[in-house]
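Each remark here refers to the structure printed beneath this line.
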Amino acid sequence: MIKSIIVAKSENNVIGKSNDLVWHLPTDQRYFKKTTYGHFVIMGRKTFESLAKPLPGRVNIIISRKPDLSIEGAIVFDDLHKAFEFALSQKQKEVFILGGGEIYKKSLPEIDKMYITEVAGTFDGDTFFPEYNQQQWQEEWREKHLADPENPHDFDFVIYSKK
């Protein structure tokens, strides 16, 4: 099973502020949906709460320190490894980590692939994508997007695979 991260991050690694995104990029939102649709998605409780409801067309797995937490439309685990084991037992070919910062940090050593939307510019935020050894990753694909009336920032879709 391929374990993947999907994230949009700025040049200074900001991914959010006050449990929300710091930019609005509809093209990135469509890419996110197309990429994750039909897959298991794993996220922390705060990330899930920022969505307000489970993402349709995906099995939503929430990681929470509260073992008795029950969320309608989602499966809850108290440990990331248990979530990976469950996805593997369900014969998933690829599972996506959606965040937030702590879940990214915990999952990074086990990840095979990263789908990163690299947003041009630096932003003020309180949640960051963790630093990682770029020498361990190989860029497989990149698609550039210039700012337009719908998307106010330049950004690139990039896929990295672990070497």
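What you see is a predicted model, and the numbers here were worked out from it, not measured in a lab.
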Is the positively charged end of Lys3 above the ring of Phe84, judged by distance under 6.0 angstrom from the centroid and angle within 45° of the axis? yes
Out of curiosity, [X] [atom1] to [Y] [atom2], how far, rounded to the nearest 0.5 Å?
X      : Y      : atom1 : atom2 : value
Thr127 : Asn19  : OG1   : CG    : 7.0 Å
Thr35  : Ile159 : OG1   : CD1   : 7.0 Å
Asp126 : Asp20  : CG    : CG    : 10.5 Å
Gln92  : Met1   : CD    : CE    : 8.0 Å
Asp28  : Thr117 : CG    : OG1   : 3.5 Å
Trp137 : Tyr132 : CH2   : OH    : 8.5 Å

Would you please indicate if the ring centroids of His153 and Phe123 are separated by under 6.0 Å? yes
Quiz question: by atom type and distance under 3.5 Å, do the side chains of Ser10 and Asn12 form a donor-acceptor pair? yes
At their closest point, which heavy atom of [X] faces which heavy atom of [Y], and how far apart are they?
X      : Y      : value
Glu140 : Ser161 : CG-OG, 3.1 Å
His24  : Pro26  : NE2-CG, 3.4 Å
Ile62  : Gly44  : CG2-C, 4.1 Å
Leu108 : Glu131 : CD2-O, 3.9 Å
Val22  : Gly16  : CG1-C, 3.9 Å
Ile111 : Met114 : CG2-CG, 4.1 Å

Which atom pairs, one a donor and one an acceptor, fall under 3.5 Å between side chains of residues 48-58 and the rest of the protein, sequence neighbours left out?
| unit_1 | atom_1 | unit_2 | atom_2 | d |
| --- | --- | --- | --- | --- |
| Glu49 | OE1 | Arg45 | NH1 | 3.1 |
| Glu49 | OE2 | Arg45 | NH1 | 3.0 |
| Ser50 | OG | Thr47 | O | 2.6 |
| Arg58 | NE | Pro56 | O | 2.9 |
| Arg58 | NH1 | Thr36 | OG1 | 2.9 |
| Arg58 | NH2 | Pro56 | O | 2.9 |

Give a yes or no on this: more than 12 heavy atoms of other residues, nucleotides or ligands lie within 6.0 Å of atom CD of Glu150. yes
Of Tyr104, Phe40, Tyr37, Tyr115, which meets ring-ring contact (aromatic ring centres under 6.0 Å, His included) against Phe96? Tyr115
[X], [Y]: one ILVMFWY side-chain cluster at the under-4.5 Å cut-off?
X      : Y      : answer
Ile97  : Ile61  : yes
Ile15  : Ile116 : yes
Met43  : Phe128 : yes
Val119 : Leu146 : no
Leu98  : Tyr160 : no

Please tell me if the side chains of Ile63 and Ile42 come closer than 4.5 Å, counting only heavy atoms from C-beta onward. yes
Tell me which pairs pass side chain to side chain donor-acceptor pair (under 3.5 Å) where either residue lies in residues 63-77, with sequence neighbours left out. none
One pair to check against side chain to side chain contact (heavy atoms under 4.5 Å, CB included): Leu25 and Tyr31. What are the steps and the verdict? CA-CA 10 Å; Leu25 298 170; Tyr31 174 75; over 6 Å; no
Has Lys162 got a side-chain atom pairing as donor or acceptor with Pro109's backbone, closer than 3.5 angstrom? yes
State whether the side chain of Glu11 and the backbone N or O of Ala120 hold a donor-acceptor pair below 3.5 Å, judged by distance alone. no
For Glu94 and Lys113, what are the C-alpha separation, side-chain angles and deciding distance, and is it a side chain to side chain contact (heavy atoms under 4.5 Å, CB included)? CA-CA 10 Å; Glu94 186 170 19; Lys113 207 170 189 179; 3.9 Å; yes
Between Lys144 and Asp156, does at least one N-O distance fall below 4.0 Å, as a salt bridge requires? yes
